[in-house]
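Just so you know, ligand 1 is whichever comes first in the structure, and atom 1 is the first atom listed for that ligand.
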Amino acid sequence: MERKFFHFYKDLKEVLIDGQTIKHRVEELALQITEDYADCQPHLIGILKGANVFHSDLIRAIHLPVTVDFIAVSSYGNSSQTTGEVRILKDPDESLAGKDVLLVEDIVDTGLTLNYLVEILRKREPKSLRIITLLSKPSRRKVDIHVDYIGFEIPDKFVVGYGLDYGQQYRNLPFLAIVEI
Ligand code: 5GP
């Protein structure tokens with residue numbers, strides 16, 4: 001199945017994590033969240049656009065009532081290098097006050113984005129604030145940020161698919177792949 005995408009996208013190098021493995025891991029994470037939030041209602045805020053696919057699969061695998069929202073921040077644009085500059089482009093629609101917020105990220109690289117966001121969002125007085133990321137590149141970390149749930153730790157390669165892009169391409173791949181940049 002993956003092969004057909006390699007035909008369209010010539011820059012794809014190799015599959016890093018196949019669709020079935022992602023599905024199983026998302027279900028495991030959702031089970032853990034279902035247990036951890038058994039006595040409350042998590043409010044899952046997806047960070048656009050990269051976490052969109054992960055967010056929508058995750059919420060459907062959680063066996064609890066949940067509420068959802070989105071936030072958009074500036075990211076790398078068409079470059080693969082972080083500038084460290086992060087801007088909020090779209091605020092969540094709902095107030096965070098008193099909510100058990102779970103921030104849903106696609107990938108934690110240097111950690112700068114999340115570090116900034118968490119600082120801002122804490123000021124909005126959520127009852128609790130936790131972070132879940134599908135992917136983490138621990139070797140790239142520049143700030144010491146605590147991430148509560150991690151799908152996969154991956155090496156320092158640029159990955160696309162399952163919501164993650166390179167120049168706005170590749171988001172629809174149902175697997176994660178390494179791209180030649
Ligand atoms: P950080 O602030 O942790 O350095 O960067 C986080 C953001 O960088 C992610 O939300 C994502 O937009 C982008 N990013 C970091 N590594 C990758 C990668 O390997 N692939 C893609 N597509 N985006 C990445």
Peer 1: Give yes if a backbone or side-chain nitrogen or oxygen of Val159 is under 3.5 Å from a nitrogen or oxygen of ligand 1, and no if not.
Peer 2: yes
Peer 1: List ligand 1 atoms under 4.0 Å from Lys157, heavy atoms only on the residue side.
Peer 2: 19 (O)
Peer 1: Using heavy atoms and a 4.0 Å limit, tell me yes or no: is Gly50 in contact with ligand 1?
Peer 2: no
Peer 1: N/O to N/O below 3.5 Å, does that happen between Tyr166 and ligand 1?
Peer 2: no
Peer 1: Which one holds for Ile47 and ligand 1: side chain close, backbone close, both close, or neither close, with close meaning a heavy atom under 4.0 Å?
Peer 2: neither
Peer 1: Does Lys49, at its NZ atom, have more than 12 non-hydrogen atoms belonging to other residues, nucleotides or ligands within less than 6.0 Å?
Peer 2: no
Peer 1: Under 4.0 Å from a heavy atom of Asp106: which atoms of ligand 1 are those, numbered in the order shown and with their elements?
Peer 2: 9 (C), 10 (O)
Peer 1: Take atom CD in Gln41; do more than 12 heavy atoms of anything else shown fall under 6.0 Å from it?
Peer 2: yes
Peer 1: With a 3.5 Å distance limit and no angle check, can you tell me whether Asp69 reaches the backbone of Asp93 through a side-chain donor-acceptor pair?
Peer 2: yes
Peer 1: Is the shortest distance from a heavy atom of Arg140 to ligand 1 less than 4.0 Å?
Peer 2: no
Peer 1: Just to be sure I read this right, does ligand 1 sit under 4.0 Å from the backbone of Glu105, its side chain, both, or neither, counting only heavy atoms?
Peer 2: side chain
Peer 1: Please could you name the atoms of ligand 1 that Asp165 approaches to less than 4.0 Å, counting only its heavy atoms?
Peer 2: 21 (C), 22 (N)
Peer 1: Heavy-atom contacts with Leu164 under 4.0 Å: which atoms of ligand 1 show up? List them by number with element.
Peer 2: 20 (N), 21 (C), 22 (N)
Peer 1: Tell me, yes or no, whether the heavy-atom count around Glu119 atom CD, taken from other residues, nucleotides or ligands under 6.0 Å, exceeds 12.
Peer 2: no
Peer 1: Answer yes or no: does atom CG of Asp39 have more than 12 heavy-atom neighbours from other residues, nucleotides or ligands under 6.0 Å?
Peer 2: no
Peer 1: If we only consider heavy atoms of Lys142, is any one of them less than 4.0 Å away from an atom in ligand 1?
Peer 2: no
Peer 1: Does Phe158 have a non-hydrogen atom less than 4.0 Å from ligand 1?
Peer 2: yes
Peer 1: Should Leu114 be counted as touching ligand 1, given the test is an N or O pair under 3.5 Å?
Peer 2: no
